[in-house]
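These notes are about the structure you will find just below.
The figures here come from the full heavy-atom set of this structure, side chains too, leaving out hydrogens, waters and symmetry mates. For ligands, and for the atoms within them, numbers begin at 1 and follow the listed sequence. FYI, the numbering just counts along the sequence from 1.
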Amino acid sequence: MRAPQTTLSSLLLRPFVLPFLLLGAVGLSVIAGVNRNAQAAHEVNEAQRRLMLINALLRDTSDLETGQRGYVITGQADFLKPYLDGLIAFQDHSEQLRTRPASALQLHNLNQAASQLNHWRRESADPEIRARRTSLQAAAQRVSSGVGRRQLDDVRETLNVMRDRENGRLSAAVASSTRTLLTVQLVTVAGLLLSLLLLVVTALRVARTVAQHLGSLTAGARSITAGQYERRLPRSGVHELDELGAQFHKMARAVRERELALARSAQTLQATNEQLSRSNRELEQFAYVASHDLQEPLRTISSYTELLARRYQGQLDSRADQYIAFTIEATGRMKTLIQDLLTFSRVRQGSRTFGPVDTASLVAEVVQDLEAQIAQSGGQVQVAGPLPEVRGNPELLRHIFQNLIGNAVKFRAPDRPPHVIVSATRSEAPPGWVFHVQDNGIGIEPQYFERIFGVFQRLHGLGQYSGSGIGLAVTRSAAEQHGGALWLDSEPGQGSTFHFRVPDQPASGRPAPTAPRGPGEAQP
Ligand code: ADP
């Protein structure tokens with residue numbers, strides 16, 4: 001069954017909703033707590049102001065009594081001032097309290113205290129003051145009845161009740177404010193700690209989930225890399241990761257198809273290569289057998305033609321002599337061709353042993369072999385600098401030097417004697433020696449730089465320079481059998497330089513031919 005799909009962002013963010021909701025709730029409760037505390041503080045403030053006013057009313061009551069008594073006792077008008085001021089102050093404080101009553105009961109009590117004071121004033125205080133204006137005795141008689149005192153005590157009692165109640169309210173408001181503050185602190189600390197814990201736990205859970213998904217993707221990718229292209233990555237249920245997995249599958253399929261195609265073309269290439277080298281071997285063997293077996297009839301033709309020439313020279317007519325001369329010349333050319341072809345086959349097919357070869361002595365020997373040719377040309381072969389000892393096959397190396405020096409002398413310019421310089425330099429990549437055979441001959445056009453290495457490829461007619469066009473093909477093959485190479489620089493009319501590299505680690509020789517020989521091989 002297919003797992004329900006979700007997106008990477010919802011996988012990462014959804015678990016954080018709860019901790020953030022909790023954080024939001026903590027914030028809201030802190031705001032509510034702060035509001036509530038402000039309200040409690042306001043109530044405390046109001047209660048304190050009301051308490052101050054009630055205390056002021058009690059003080060006013062005492063001032064009224066003191067002033068009124070003072071006048072009754074002394075009869076001095078000065079004492080009436082505090083009494084009158086007290087009345088105004090009581091009135092003023094009552095009005096202030098009336099504007100901010102705590103409750104209807106308090107307003108009622110205030111009105112009661114005010115009416116009790118009026119009653120005292122009407123019934124006791126003012127009559128006693130009037131009586132004192134008449135006589136002290138009349139006033140004392142009134143005071144001693146104790147009515148005024150009781151009336152004023154009633155006022156005080158009402159005010160005391162109000163004060164006690166206000167004190168109660170004040171304490172309740174202070175307690176409520178303290179409680180609110182404590183609750184806010186508790187909720188904030190606990191909420192923050194809980195949110196933090198939830199955040200850490202959630203982050204760890206999310207990290208583990210992501211790591212699990214990525215881990216299974218990595219394991220799948222690793223198996224694909226190891227060549228298990230059919231391996232299916234597990235579905236994670238996360239849209240983006242499943243998309244990535246699908247891309248992995250496509251990539252694996254593409255890589256597999258490419259590998260298969262490569263393997264197919266490698267197989268084809270190998271088959272073609274095998275076919276090519278088989279037909280190459282067959283061709284080489286054919287060339288060897290053909291050239292070897294052609295030698296025998298050619299030798300017969302050549303001997304009989306020479307015999308014919310010796311015996312009948314001058315006895316036949318002049319045309320017959322000319323025909324015989326042409327035949328001898330053609331058989332000579334054919335002999336050279338067949339011998340060169342044989343050399344080519346031998347160089348290509350022979351099995352070689354490799355060992356140290358002193359190229360200085362080898363070049364000296366080759367120069368000696370070519371002495372007649374060099375002397376006839378009027379030129380010279382110079383060895384510039386020391387020539388090294390290399391690991392190679394002496395026969396092949398001799399062939400290379402012989403061919404290159406021979407060509408350098410042969411393809412000389414008509415207006416100057418040949419000057420051939422043989423030298424060697426060290427090469428580092430790959431490590432080995434590069435030999436140079438430089439001449440001042442006719443030179444070669446750059447477009448023929450490759451062609452001249454082909455079999456039977458010549459740039460001149462036989463009338464100009466002798467040869468069969470096989471020499472450089474054999475020479476390149478000999479250089480390649482050393483794991484080296486043969487190439488040239490040349491400037492037409494100025495001269496050419498042939499270079500060949502012999503690496504320090506030469507390739508081992510090619511295997512000897514195994515195919516059967518032609519019928520004429522046994523003959524001398
Ligand atoms: P061959 O010497 O028998 O003609 P090669 O294979 O040795 O055959 O040379 C092929 C051709 O390359 C020659 O016919 C000649 O035209 C050209 N060639 C070779 N060496 C030189 C040289 N040193 N200077 C000018 N041309 C050369």
Side-chain angles (χ1 to χ4, degrees), residues 283-284 287 291 329-348 363 366-367 369-384 395-424 434-482 484-501:
L283 253 171
E284 282 171 1
S291 50
E329 195 191 310
T331 15
R333 273 211 313 278
M334 196 159 176
K335 211 162 143 188
T336 318
L337 256 176
I338 287 173
Q339 267 166 3
D340 282 354
L341 209 56
L342 256 174
T343 315
F344 179 72
S345 300
R346 281 205 192 99
V347 167
R348 302 269 301 167
V363 169
V366 168
V367 172
D369 290 351
L370 294 169
E371 206 183 304
Q373 200 181 324
I374 297 166
Q376 190 209 344
S377 70
Q380 57 161 324
V381 177
Q382 179 195 344
V383 175
E395 201 187 325
L396 292 179
L397 287 173
R398 172 185 288 275
H399 188 92
I400 296 173
F401 281 116
Q402 202 157 21
N403 196 273
L404 294 183
I405 297 172
N407 276 354
V409 175
K410 182 164 71 173
F411 296 104
R412 59 179 173 270
D415 56 339
R416 53 186 182 261
H419 182 195
V420 185
I421 302 171
V422 181
S423 60
V434 178
F435 293 89
H436 318 279
V437 179
Q438 183 191 344
D439 65 49
N440 61 342
I442 55 173
I444 302 167
E445 300 271 353
Q447 68 263 33
Y448 302 125
F449 279 8
E450 261 315 299
R451 191 175 134 185
I452 55 172
F453 293 106
V455 184
F456 297 132
Q457 293 300 326
R458 308 194 73 240
L459 303 181
H460 311 93
L462 272 173
Q464 283 179 282
Y465 298 97
S466 63
S468 61
I470 284 182
L472 282 182
V474 178
T475 308
R476 177 172 262 187
S477 168
E480 283 171 355
Q481 284 180 58
H482 282 82
L486 173 66
W487 71 100
L488 76 145
D489 299 320
S490 183
E491 211 175 308
Q494 300 298 311
S496 317
T497 306
F498 283 79
H499 314 271
F500 73 95
R501 187 176 53 239

Interfacing atoms of ligand 1 (cut-off 4.0 Å, heavy-atom, [X]):
| X | answer |
| --- | --- |
| Leu472 | 5 (P), 6 (O), 7 (O), 9 (O), 12 (O), 19 (C) |
| Lys410 | 1 (P), 2 (O), 3 (O) |
| Asn403 | 7 (O) |
| Leu459 | 14 (O), 16 (O) |
| Gly467 | 3 (O) |
| Ile442 | 25 (C) |

Between Asp439 and ligand 1, which residue portion shows a heavy-atom distance shorter than 4.0 Å: side chain, backbone, both, or neither?
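Side chain only.
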Using a 4.0 Å heavy-atom threshold (strictly under), name the region of Gln457 that reaches ligand 1: side chain, backbone, both or neither.
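The backbone, only.
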Return the [atom1] to [atom2] distance between [X] and [Y], rounded to the nearest 0.5 Å.
| X | Y | atom1 | atom2 | result |
| --- | --- | --- | --- | --- |
| Ile442 | Glu491 | CD1 | CD | 14.0 Å |
| Thr475 | Phe498 | OG1 | CZ | 9.0 Å |
| Leu396 | His482 | CG | NE2 | 5.5 Å |

TODO: Work out whether the distance between some heavy atom of Ser468 and some atom of ligand 1 is less than 4.0 Å.
DONE: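 The answer is yes, since Ser468 has a heavy atom less than 4.0 Å from ligand 1.
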Could you check whether any heavy atom of Tyr465 sits closer than 4.0 Å to an atom of ligand 1, since that is the contact criterion I want to use?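 No, Tyr465 has no heavy atom closer than 4.0 Å to ligand 1.
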Protein heavy atom at shortest distance from [atom]:
| atom | answer |
| --- | --- |
| atom 7 (O) of ligand 1 | Asn407 ND2, 2.8 Å |
| atom 4 (O) of ligand 1 | Arg458 NE, 2.8 Å |
| atom 15 (C) of ligand 1 | Phe411 CZ, 3.3 Å |
| atom 17 (C) of ligand 1 | Ile452 CG2, 4.1 Å |

Using the side-chain contact (heavy atoms from CB on, under 4.5 Å) rule, pick out the option among Val420, Ile421, Asp489, Val422 that qualifies with Gln438.
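Going through the options one by one, the only one that passes is Ile421.
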Exercise for the section: Give the minimum heavy-atom separation between Asn440 and Pro418, together with the two atoms involved. Expected result: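 The answer is OD1-CA, 3.5 Å.
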I need the minimum non-hydrogen distance between Ala473 and Phe344, along with the two atoms involved.
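For Ala473 and Phe344, the tightest heavy-atom pair comes out as CB-CE1, 4.0 Å.
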Is it true that Glu450 and Arg476 have a side-chain N and a carboxylate O under 4.0 angstrom from each other?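 Answer for the salt bridge query: yes.
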Gln481 side chain to Ser477 side chain, donor-acceptor N/O pair below 3.5 angstrom: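 Present: a donor and an acceptor within the cut-off.
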Which of parallel (below 30°), tilted (30 to 60°) and perpendicular (above 60°) describes Phe500 and Phe435?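 It falls in the parallel class, under 30°.
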message: When you compare ligand 1 with Ser466, is there at least one nitrogen or oxygen pair between them that comes in under 3.5 angstrom?
response: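 No.
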**Prompt:** Do any nitrogen or oxygen atoms of Gly469 lie less than 3.5 angstrom from nitrogen or oxygen atoms of ligand 1?
**Reply:**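 Yes - when backbone and side-chain N and O of Gly469 are compared with those of ligand 1, one distance drops under 3.5 Å.
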Notebook entry, point to check: Quick one: does Ser490's side chain have a donor or acceptor within less than 3.5 Å of a partner on Gly443's backbone?
Noted result: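 Checking the backbone N and O of Gly443 against the side chain of Ser490, no donor-acceptor pair under 3.5 Å is found.
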